[in-house]
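Remarks on the structure that follows.
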Amino acid sequence: MANAKSKTTAAANPMPGKDVVIVESPAKARTIGRFLGSDYDVIATKGHMRGLASKGMNVDIENDFEPTYSLERGSGVVLTEIKKKVRRADIIYLATDPDREGEAIAWHLLEALGPKALAGKEVRRVVFHEITRSAVDEAFADHGVLDMDLVMAQQARRILDRLVGYTVSPVLWRTVRRGLSAGRVQSVALRLTVDREREIEAFNPVEYWSVLTRLAKSADSSLKFRATLHAIDGKGGDAKSGRYLVNNQEESAKLVADLEASAYQVTKVVKRETKSRPTAPFTTSSLQQEAARRLRFNAERTMRAAQGLYEGIQLGSGDPVGLITYMRTDSTNLATTAVAEIGDFIKNKYGADYFGRPRVYRTRSKNAQEAHEAIRATSVMRTPESIATHLSSDQRSLYDLIWKRMVASQMTDSVSDATTVDIEATGGPSGTSYTLRATGSVLKFQGFRAVYVEARDTITESDDSEENGSDTSRSLVPLDEGETVNLDELKSEQKFTRPPARYSEAMLIRTLEENGIGRPSTFAGIVSTIERRVYVEREGTRFKPTMLGIVVSDYLVQWFPDIMDTGFTASMEEKLDEVSR
DNA sequence: CAGTGAGCGAGCTTCCGCTTGACTT
């Protein structure tokens, strides 16, 4: 549609030129440019073009916190380019991202252009949340003006961060060591690792004995299955894990003596159908977490590979093709056109049973601004296999994840039969009765599991897997209520409860995001900041605070408790929302 | 007279969030 739009104003301009469209990223400029056709010059600002210079505070505290902005290094050439194009345009379309920073980027550009360059020009704000032809056409048809309340909110955020960072950091130079830093985001991240370390130090391991049995059917002793202790004399153990924990060797010895002399009978068999849902398409943070779990990529490596896929890959002849949507996003939404395409693909490739109706996902992160789509493949038809040869090995692995997660997110639930069997053990020397429990699960219908299942966190490192045993599909031998079974093997081992795990990079990012701290564009950077300051160091894949980190965190908690609170950013965001209404 | 050293002042470090290249580590 936009292509066909005639330009009625062009005739009045002595130097007829193209109208100018401003976006943030060059890759986006290329795509939008294709949609809009040759009547438009689409130019990228490459992020913020103006800001607070890093040298000096540049905020006048005496004078209503007036900021002093200057042109960013490298933005001079971009500004010259834009000026040149604007001179010959009638209309300037501000198509920066539809969020607080995007609004500010557009406003700063107008400020940098100045009234002379803008004289006689019409300025239109256009917003789209996805880069599809229809979304762009609609945005251009329904234009508005800059939202100055949003710009004010962005400036408040920016000024607050400057004041906090540039006031508190020098305190650290004087009291701890020169060159140190503190800030609304990095200092909370540091504190999380320090608090966790304290929990670990304060942790008292508690002894327990794990009881694991193997039983066999009386009717056929080759049919064996495992069961764990569930209750003693009808009194249950931990409600969540369904296990009863024995506290000491004495209890364990009594239990072993009893169980070895007991008779076993199946008392209850409960079978029920369970369904599970696919996970939402990727956001920046969930992509970083999953790439860490499955590919062992750190956040930086993930973002580098994603950037390449986004910017475009040469697939045979012709222009490079952007293979994924924007990789810095907090949204789990998929464009309607994409969902339709994915649905057709699923029906064709896997069958109608695998596609129900379009699924919509809610973002779970606080302060999500949802300026973009979720991270998805730009076309489901470009399967990972079909383009593999054009990609680097990192890009290939990451694209595979993104494509599969996107497809799976629109597939039907998986269905399993879950069986829970209780076995009563009685007749031991102490006269106690024990309940053992065996569980099994059989996958009846794969649904989304045919394509992709999210990896699980390895919270504890290498417990023997039969103990962790919540496999998605582990069958149980057929058992009937009332039948007798025999003890085949009995194991009781001394164990100790474990302290909470240190943060991995992905866990830290997830925790920050859950608290609304940091943004998709900064998650990877936050981690490298606290590492560069040597506030934390890696122990394996986990972060351990250094002495310096602990000293700094404790000092800041003592003297700047507000800033060190995870709720600080949340309350800042609330107030910024009031500014932007 | 030349070399030494006390004392003083100036300059430097730093934030968060948006985005890509630019090159010298």
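All values below come from the heavy atoms of this structure, side chains included, with hydrogens, waters and symmetry mates left out. Naming convention: chains lettered A, B, ... in sequence-line order (proteins, then strands); numbering from 1 in each chain.
Nucleic acid contact for A:V164: none, since no nucleic acid atom lies under 4.0 Å from a heavy atom of the residue. Residue contacts shown for A:R158 include a base, since a base heavy atom lies under 4.0 Å away. A:L160 comes within 4.0 angstrom of nothing in the nucleic acid, heavy atoms only. Heavy atoms of A:Q154 sit nowhere under 4.0 angstrom from any nucleic acid atom. No contact: A:T96 has no heavy atom under 4.0 Å from any strand. The residue A:T522 sits close to a base: some heavy atom pair falls under 4.0 Å. At a threshold of 4.0 angstrom between heavy atoms, the contacts of A:G47 include nucleobase atoms, whether or not backbone atoms are also involved. The residue A:A182 sits close only to the backbone: its heavy atoms come under 4.0 Å of sugar-phosphate atoms, none of a base. Note on A:R50: nothing from the nucleic acid sits closer than 4.0 angstrom, heavy atoms only.
Only A:E101, listed by number, bring a heavy atom of residues 98-112 of chain A to less than 4.0 angstrom from any atom of DNA chain B.
Where A:R519 and A:R177 each meet DNA chain B at their nearest nucleotide, the meeting point lying more 5' is that of A:R177. Heavy-atom distances to DNA chain B give each of A:K55 and A:Q307 a nearest nucleotide, and the one nearer the 5′ end belongs to A:K55.
The pair A:E122-A:R124 meets the salt-bridge criterion, since a charged nitrogen lies less than 4.0 angstrom from a carboxylate oxygen. Using a 4.0 Å cut-off between a side-chain N of Lys or Arg and a carboxylate O of Asp or Glu, A:D330 and A:R519 qualify as a salt bridge. With respect to the salt-bridge test (charged N to carboxylate O, under 4.0 angstrom), the residues A:K28 and A:D97 qualify.
A side-chain donor-acceptor contact under 3.5 Å links A:Q314 to the backbone of A:G316.
Considering only heavy atoms from C-beta on, A:D394 comes within 4.5 Å of A:R301 through its side chain.
Aromatic ring pairs are classed by plane angle as parallel below 30°, tilted from 30° to 60° and perpendicular above 60°; the pair A:H108 and A:Y69 is perpendicular.
Side-chain atoms of A:E101 and A:Q154 form a donor-acceptor pair, as typed in the model, at a separation below 3.5 Å.
In this structure, CE in A:M57 is found 4.0 Å from OG1 in A:T167, a value given to the nearest 0.5 Å.
The nucleotide range of DNA chain B contacted by chain A, defined by atoms under 4.0 angstrom from heavy atoms of the protein and reported 5' to 3', is B:dC12 to B:dG21.
Taking the ring centre of A:Y93 as origin, the terminal cationic atom of A:R125 falls outside the region bounded by 6.0 Å and 45° from the ring axis. In this structure, A:R162 is positioned above the aromatic face of A:Y166, its NZ or CZ under 6.0 Å from the six-membered ring centre and within 45° of the axis.
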A:K544 vs A:T193, test: side chain to side chain contact (heavy atoms under 4.5 Å, CB included). Steps then yes/no.
CA-CA 7 Å; A:K544 185 184 160 137; A:T193 69; over 6 Å; no
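Pairs of Watson-Crick or G-U wobble type, with distances under 3.5 Å, never assemble into runs of 3 or more in DNA chain B.
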